[in-house]
S.K.: 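The structure under discussion is supplied below as structure tokens; questions concerning it will follow.
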Amino acid sequence: MSKNTPKAIRGTQDIFGADAEAFAFVVETFERVRRLYRFRRIEMPVFEKTEVFARSLGETTDVVSKEMYSFEDRGGDSLTLRPEFTAGIARAYLTNGWQQHAPLKAATHGPLFRYERPQKGRYRQFHQIDAEIIGAVEPQADVELLAMADQLLKELGIEGVTLHLNTLGDGTSREAWRAALIEYFSAVKDQLSEDSQQRLEKNPLRILDSKDGRDKPFLADAPKIDDFLSDEARAFFKAVTDGLDAAGVKWVRAEALVRGLDYYRHTAFEFIPDEGSAAAEALGAQSTVLGGGRYDGLMESLGGPATPAVGWAAGIERLAMLVGKREIFDRAKLVIVPDTGNVEELAWYYTSQLRASGLSVEIAYSGKAKKRIDKARRTDPDAIFFVRERGHAEGNEYLRQGAHMSVIAMDELAEKVGTILGVGKIDWSR
RNA sequence: GCGAUCGUAGCUCAGUUGGUUAGAGCGCCGGUUUGUGGUACCGGAGGUCGGGGAUUCGAGCUCCCUCGGUCGCCCCA
């Protein structure tokens, strides 16, 4: 590589090969599952006015205060590359009159941007799948969303991941709990870690899931949200958990699970790898694979009417790390190898016929005949079809399967190929 | 933002206590051999050893800075 060549931006990735296939598998599975749950596909702009995020996430959150890619455009507006989906979707809901579709079940996926230190499973441009239900006050919305997340993970073949569930209560419950936590931790402030002393100011809920040994002695006796829940909030949470049980979604109560962003209310959840599982090993410190909750307060922060909503997002890269390597591209079903010379047009004829019939076919046309064969073999296909000059050996087409090779007649090819690939006789007439 | 660790050909890596023209395997290109066209061999191209500076007669090997990768903290998906 020349030192003249520009390098990729830090924290971005060029995904290729098995990783790219795993990425695609995650997105394709998500698309399939969201249709089962009848979530509508939406497409969103990658950037918004900065205030969309600043007002909804909270000015003091780390995301807003130091992780956003914000810039001034040529018209002088402050714009920001989306650091998450929810705020933009909420803005779109308000500005497009999507209220008429309420409750709106929406799904999308794409790149997000956050200026963070890159790490395993954490990038500056990363990708998420996202699902939201907007305009539904019912706890059943939470249940449906979580059932979808659970099924998605199952269909991705991801095991050893458990739903951790908590409630933050309604606005009043949450504030009362927060005040109690501040009071409780302030009394022992000197003994807390530096990080937690700061959290006491900015986000006291976060002290609860501190990993610092100095904080842990105080966590067990910290005030519990359950003691601050209003009757309504308690009933709501019970309806959610009852619904999950009925839907067959396994969950565990996680009293210390909180959300970093200001707009969350009631249900908060994360799917987290079980300790010691292969999934936990694969993800390193970035443990959450899918997270979300209810955000009844968000729409108002954007100047809209009070609108209940729930949603979740999952990092595609993290999910892709858990689905394992996928080599579907590397393994060709059938490779067509024309000898150099006058048979290449014939080979193209066969190839286009087979592709039009719906078969995935590779044609080797690069290099000399020997190279073509070597390359064909390396893809480990189910079959290699040699197209040769008339007069070569006994025929002009050979179909090879494994170590066995046989001469076949042209009119048998469709059937032979179909049989070897297990797709029945190929219809070339289309 | 903080800490640790790594950075040699396209890829995976060797490179002894600093010493002459930096190596291997794979891949790529060319050739020979083989042949129911999964072989073997020969040759070739490709590196200013991430970048910059310092020490030294001399640095891929030492020191400093810087840019990246990786892992952890913070935060979060």
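In what follows, chains are A, B, ... by sequence order, proteins preceding strands, each numbered from 1.
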S.K.: Are A:D212 and A:R214 within salt-bridge range, i.e. N to O under 4.0 Å?
M.R.: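 Yes, charged N to carboxylate O under 4.0 Å.
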S.K.: Would the number of heavy atoms belonging to other residues, nucleotides or ligands and lying under 6.0 Å from CD of A:E31 be above 12?
M.R.: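 Count over threshold, so yes.
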S.K.: Indicate whether any N or O donor in one side chain lies under 3.5 Å from an N or O acceptor in the other, for A:H127 and A:E317.
M.R.: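 Checked: A:H127/A:E317 side chains pair up, N/O donor to acceptor below 3.5 Å.
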S.K.: May I ask you to check whether A:S196 and A:R199 show a side-chain donor-acceptor distance below 3.5 Å?
M.R.: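 Side-chain D/A pair, A:S196 to A:R199: present.
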S.K.: With both distances under 3.5 Å as the test, what is the Watson-Crick or G-U wobble partner of B:rU55?
M.R.: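 In the structure as shown, B:rU55 has no Watson-Crick or wobble partner.
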S.K.: Looking at the side chain of A:T288, which of B:rC74, B:rA77, B:rU70 is the nearest nucleotide?
M.R.: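 Out of B:rC74, B:rA77, B:rU70, the nucleotide with an atom closest to A:T288's side chain is B:rA77.
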S.K.: Check salt bridge (charged side-chain N to carboxylate O under 4.0 Å, His left out) between A:E43 and all other residues, then give those that pass, not counting sequence neighbours.
M.R.: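 For A:E43 the salt bridge (charged side-chain N to carboxylate O under 4.0 Å, His left out) partners, ignoring immediate neighbours, are A:R41.
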S.K.: Base, sugar-phosphate or nothing for A:K211? Non-hydrogen atoms, less than 4.0 Å.
M.R.: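 Counting heavy atoms under 4.0 Å across all strands, the contact made by A:K211 is with sugar-phosphate only.
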S.K.: If you check the A:R117 side chain, which of B:rG69, B:rG72, B:rC75 turns out closest?
M.R.: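 Shortest atom-to-atom distance from the side chain points to B:rG72.
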S.K.: Could you tell me the Watson-Crick or G-U partner of B:rC26, where both distances fall under 3.5 Å? Say none if there is no partner.
M.R.: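 Looking at the geometry, B:rC26 pairs with B:rG10.
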S.K.: Any donor-acceptor pair, under 3.5 Å, between the side chain of A:R318 and the base of B:rC76, if you only look at N and O atoms?
M.R.: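 It does, because a donor-acceptor pair links the side chain of A:R318 to the base of B:rC76 below 3.5 Å.
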S.K.: Under a 3.5 Å limit for both distances, which nucleotide forms a Watson-Crick or G-U wobble pair with B:rU33, could you say?
M.R.: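 Pair assignment: B:rU33 / none.
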S.K.: Measure CD/A:E116 against P/B:rC74 and give the value in whole Å, please.
M.R.: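 My rounded result for the distance is 13 Å.
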S.K.: Go ahead and name the base partner of B:rU39; Watson-Crick or wobble counts if both distances stay under 3.5 Å, otherwise write none.
M.R.: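 Pair assignment: B:rU39 / none.
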S.K.: Using the side-chain contact (heavy atoms from CB on, under 4.5 Å) definition, which of the options A:I272, A:V161, A:L283 pairs with A:T288?
M.R.: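 Filter result, single survivor: A:I272.
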S.K.: Considering only B:rG72, B:rA77, B:rG68, which nucleotide approaches the side chain of A:F126 most closely?
M.R.: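 Per side-chain heavy atoms of A:F126, the pick is B:rA77.
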S.K.: Hey, does A:E84 reach any base, or is it just sugar-phosphate, or nothing, if we go heavy atoms under 4.0 Å?
M.R.: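 Touches nothing.
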S.K.: Where the side chain of A:R122 is defined as all heavy atoms beyond and including C-beta, which of B:rG69, B:rA77, B:rG72 is the nearest nucleotide?
M.R.: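 Closest of the options to the side chain of A:R122: B:rA77.
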S.K.: Can you list, in residue-number order, the parts of residues 186-209 of chain A that come under 4.0 Å of RNA chain B, counting heavy atoms only?
M.R.: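 Result for residues 186-209 of chain A: A:D195, A:R199, A:R206, sorted by number.
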S.K.: In whole angstroms, how far is the C1' atom of B:rC73 from the CG atom of A:D62?
M.R.: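 Those two atoms, CG and C1', are 13 Å apart.
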S.K.: Which residues pass the salt bridge (charged side-chain N to carboxylate O under 4.0 Å, His left out) test with A:D245, sequence neighbours left out?
M.R.: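 By the salt bridge (charged side-chain N to carboxylate O under 4.0 Å, His left out) rule, A:D245 matches no residue at all.
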S.K.: Whom does B:rU5 pair with, Watson-Crick or G-U wobble, provided both distances fall under 3.5 Å?
M.R.: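 Answer to the pairing question: B:rG69, which forms a Watson-Crick or G-U pair with B:rU5.
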